[in-house]
Amino acid sequence: MASRASDSPIVTVPDARVLDVERIKADFPILSERINDKRLVYLDNAATSQKPREVINALLEYYRKMNANIHRGLHTLAERATSAYEHTRTHTADFIGGVKPEEIVFTRGTTESINLVAYTWGEQNIGEDDEILVSEMEHHANFVPWFQLAQRKGATIRKLPITVCGHLDLSDIDNLINEKTKLVAVSHMSNVFGTVNPVKDLAQRAHAAGALILTDGAQAAPHMPIDVTDLDVDFYAFSSHKMLGPTGVGVLYAREELYRDMPPFNYGGEMISQVGFDKVTFADLPYKFEGGTPNIADVIAFDAALSYLEKLGMENVHHHETEITRYALDRLSEVKGLEIQGPQDTSERGSAVSFTDKDIHPHDISTYLDYNGIAIRAGHHCAQPLMKFLGKVATARASFYIYNDRADVDALVEALIEMRRYFGV
Ligand code: C6P
């Protein structure tokens, strides 16, 4: 079984919501690495998070004590591995609001979760003249699968536009969601603007029009409490690696009745009930969608990541990030020449902060910061329609998590000020 997070990593006085960041940092071995002879300041959490010792140990423990294939063997190791794997499924179901374990399907990541829906539910339910409403701020993972499906089916992709402030533009929403709409595809939190979108409201509108809603939770699930039942979404996708867990594990939540009607995704071992030359029948949920040997070790270690986050408390994680984002927005606004994207109000956004410098290319910003031990991301962030809207090819992006503190923000801001001096601008 996966190991537990360290005891009580939050300070209880004076404010129970305040994370003890020093103590959290100590749980992440990589954070004591030196980069270019400087302390590592890791601000690329929207790309992937770092892993606490508990997760690293859970991986080792799996290979040391229970390595076996699951759902097949009758020997003790196979039973250990199967029970730990299924334990993570139940844990994941609890983590997103207490849904049924069979409503959780493990994939390789958010990208694969969304492709699963496009190739199964989409193939079965989207036809000529149907419309799929996709927001302009989507990551390519929640754009390209729908674009390709629409091409195959002769359906139409409609754009849910965005505003210069980084919000969804809902002014024409009553037209955009109409009787032709079959699916609304929208991110819970933008990986570029950081905007937290009004998913519950969109779910109500979609359902009123007879459409479904798929929410890309890759940037939201790591950072705030999630209750998919309260959000009333039909599909919710996210990735373990952005929330302290290993790479190669994704989650797809769907309502059970939808899963029941959807055809399988990968055909082969483990996803069948009976196989003969005359007939093949498929396994029950969720196994029907998990053909072949899954990513056993990483799913099992994901359990330790969920435990770590729960120990902190997702409300506290959210509170901490709101504070650090507020501080970052304030301090970044002191840097001459910077343009900061996305909402300024931290009640409307999470901790991914994109910015550009009027004189220095984002790639140069990233290289300069790396020279100072600071890891950020620069590029189009797999959101080219959004970049086109902004009229930019790239932005720089700092994204914060539980182990970042004001000193990390200060290091970023000081390096950016120094960078402008270095470039003579
Ligand atoms: N965004 C970023 O730096 P995968 O790669 O399948 O785990 O997640 C894809 C994905 C889907 N949706 C959103 C909103 C995302 O942010 C991401 C991954 C990373 O922004 C890598 S491109």
Side-chain angles (χ1 to χ4, degrees), residues 42-51 92 105-119 134-147 160 162 166 168 184-197 199 202 213-224 226 231 233 235-253 265 295 298-299 302 305 321 341-342 349-355 362-363 365-366 369-370 375-387 390 392-401:
Y42 187 76
L43 303 179
D44 195 16
N45 294 288
T48 200
S49 70
Q50 297 302 346
K51 319 303 169 200
T92 308
V105 165
F106 288 119
T107 62
R108 284 192 303 137
T110 305
T111 305
E112 191 172 73
S113 295
I114 297 173
N115 273 279
L116 189 158
V117 180
Y119 277 103
V134 181
S135 102
E136 200 174 9
M137 67 169 79
E138 292 315 297
H139 185 282
H140 297 165
N142 202 21
F143 183 96
V144 184
W146 307 121
F147 184 87
L160 175 53
I162 52 182
L168 295 175
V184 175
V186 69
S187 52
H188 198 172
M189 176 176 144
S190 159
N191 68 325
V192 179
F193 288 141
T195 318
V196 176
N197 289 318
V199 167
L202 287 168
I213 181 165
L214 179 143
T215 301
D216 173 350
Q219 297 294 346
H223 303 288
M224 61 182 77
I226 302 295
L231 287 173
V233 289
F235 302 104
Y236 196 90
F238 56 104
S239 300
S240 143
H241 71 95
K242 293 188 200 289
M243 49 198 299
L244 311 182
T247 50
V249 177
V251 177
L252 176 66
Y253 156 79
F265 182 39
N295 189 352
D298 294 304
V299 167
F302 179 44
E321 290 182 25
Q341 303 297 338
R349 61 166 302 141
S351 59
V353 181
S354 285
F355 56 92
H363 288 179
I365 297 178
S366 180
L369 292 177
D370 181 59
I376 62 149
R377 182 170 173 196
H380 54 59
H381 311 292
C382 305
Q384 285 181 350
L386 186 160
M387 290 293 145
L390 291 178
K392 299 186 188 301
V393 287
T395 67
R397 182 189 67 191
S399 49
F400 306 97
Y401 209 14

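All ligand and atom numbering here is 1-based and tracks the order in the structure.
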Quick check: Y401 with H223 (ring centres under 6.0 Å apart)?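 They qualify: ring centres under 6.0 Å apart.
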Listing by chain and number, which residues have a heavy atom under 4.0 Å from ligand 1?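 Ligand 1 pocket, heavy atoms under 4.0 Å: A46, A47, G109, T110, T111, H139, A141, N191, D216, A218, Q219, S239, H241, K242, R377, C382, R397.
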Going by atom types alone, do S187 and H139 pair a side-chain donor with an acceptor below 3.5 Å?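 No donor-acceptor contact under 3.5 Å links the two side chains.
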Roughly how far apart are T215 OG1 and I114 CD1, rounded to 0.5 Å?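 So the OG1 of T215 and the CD1 of I114 are separated by 9.5 Å.
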Ring-plane angle category for H380 and H140, please: parallel below 30°, perpendicular beyond 60°, tilted otherwise.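 The arrangement is tilted - the two ring planes meet at 30° to 60°.
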Just checking, is any N or O donor in the side chain of S351 or S399 under 3.5 Å from an acceptor N or O on the other one?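 Looking only at side-chain atoms, S399 and S351 do not form any donor-acceptor pair under 3.5 Å.
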Indicate yes or no for a side-chain donor-acceptor contact from D216 to the backbone of A141 under 3.5 Å, with no hydrogens or angles considered.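 Such a contact is absent between D216 side chain and A141 backbone.
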